[in-house]
Each structure stands twice: as structure tokens, then as C-alpha cells.
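Below is one structure, written out as C-alpha cells; comments come after it.
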Amino acid sequence: MNKKIQSDSVDHLFEAILCLRNKEECYSFFEDLCTVNELVSISQRYEVASMLKSRKTYLEIAEKTGASTATISRVNRSLNYGNEGYDLVFGRLNEVK
């Protein structure tokens with residue numbers, strides 16, 4: 001866990017997210033919390049991570065998502081050297097399928 005982001009306010013945010021029960025509640029909360037651009041950027045990074053895990057090329061990812069190569073590279077770094085958060089989520093999503 002990154003000590004730079006750990007704080008009471010971040011803990012409260014995560015507790016709020018964890019209490020959401022369905023996709024509709026997520027839409028309501030995140031539309032209030034984030035700007036459209038912030039939400040689009042977050043979802044784009046998640047899509048990039050998913051495509052990288054599926055072994056798509058940077059060119060394929062850029063064409064499908066509109067992400068810059070810098071964004072794709074940053075997400076790739078997180079996948080390879082991060083806190084394994086993407087892997088955790090992808091694994092759990094695969095369990096559900």
C-alpha cells in the first residue's frame with residue numbers, strides 16, 4: 001500500500017465505494033463525485049489494463065480506446081510493477097464468470 005495516498009479521507013472514500021450495492025448506485029455516486037473527464041479517464045485506464053492483459057498491442061489499444069502511448073505505458077508499468085490491484089480485480093471478475 002502506498003503510504004503517500006493513505007489517509008483518513010481516502011479511507012472514508014473507499015468505505016463509501018464499498019457500500020455501493022449495484023451498478024446504478026455506482027453511476028449515481030461517481031457522477032456526483034467525478035467530472036465526466038475524470039470518470040472517462042479512469043475507465044479508459046481500466047480498459048487499457050484489460051487489453052494489455054489480453055496481450056493487445058499498443059497500437060490496437062490506442063486505436064480502440066483513444067489512449068495515448070504515455071497512458072498505455074503508465075498502465076503497463078502498474079500492471080508489471082504496481083501493487084497488483086488490477087490483477088486482484090481481474091481475478092475476481094474471472095471467478096464471477
- Note on the structure: Rounding to 0.5 Å, atoms OH (Tyr81) and CG (Asn76) come to a distance of 8.5 Å
- Task: Mind checking side-chain hydrogen bond (donor to acceptor under 3.5 Å, both in side chains) for Ser54 and listing every partner two or more places apart, or none if nothing turns up?
- Result: none
- Of all heavy-atom pairs between Leu79 and Ala49, which one has the smallest distance, and what is that distance? CD1-O, 3.8 Å
- Tell me, please, which residues at least two apart from Ser28 pass side-chain hydrogen bond (donor to acceptor under 3.5 Å, both in side chains). none
- Atom pair CD1/CG of Ile42 and Asn37 - distance to nearest 0.5 Å: 11.0 Å
- Task: Establish whether Val89 and Leu20 are linked, either directly or via other cluster members, by ILVMFWY side-chain heavy-atom contacts under 4.5 Å.
- Result: no
- Qualifying ring-ring contact (aromatic ring centres under 6.0 Å, His included) pairs, either residue in residues 56-80, two or more places apart: none
- Note on the structure: Taken in chain and number order and not counting sequence neighbours, the residues that satisfy side-chain hydrogen bond (donor to acceptor under 3.5 Å, both in side chains) with Ser68 are Thr71
- Point-to-point distance, once rounded to the nearest 0.5 Å, from CG of Leu52 to CZ of Arg45: 13.5 Å
- Message: Please enumerate all residues that pass side-chain contact (heavy atoms from CB on, under 4.5 Å) together with Thr57, with sequence neighbours excluded.
- Response: Leu59, Glu60
- Glu25: partners by side-chain hydrogen bond (donor to acceptor under 3.5 Å, both in side chains), with sequence neighbours left out: none
- Query: If you look at every heavy atom in Val48 and Ala67, which pair is closest and at what distance?
  - Reply: CG2-CB, 3.7 Å
- Under the ring-ring contact (aromatic ring centres under 6.0 Å, His included) test, residues paired with Tyr46 that sit two or more places apart: Phe90
- Same apolar cluster (I L V M F W Y, side chains within < 4.5 Å links), Leu33/Val10: yes
- Message: Applying salt bridge (Lys or Arg N to Asp or Glu O under 4.0 Å) as the test, list every pair that has at least one member in residues 30-44; sequence neighbours left out.
- Response: none
- Qualifying residues under salt bridge (Lys or Arg N to Asp or Glu O under 4.0 Å), relative to Glu47, sequence neighbours excluded: Lys64
- Note on the structure: Contacts satisfying side-chain hydrogen bond (donor to acceptor under 3.5 Å, both in side chains) that involve residues 7-20 (not counting sequence neighbours) are Ser7-Ser9
- Task: Please round to the nearest 0.5 Å and tell me the distance separating atom CG of Asn83 and atom CG of Leu88.
- Result: 11.0 Å
- Query: Got a sec, which residues hit side-chain contact (heavy atoms from CB on, under 4.5 Å) with Ile17, two or more places apart in sequence or on another chain?
  - Reply: Leu13, Phe14, Phe29, Phe30
- Task: Not counting sequence neighbours, list each pair that qualifies as a salt bridge (Lys or Arg N to Asp or Glu O under 4.0 Å) and has a residue in residues 73-96.
- Result: Lys53-Asp87
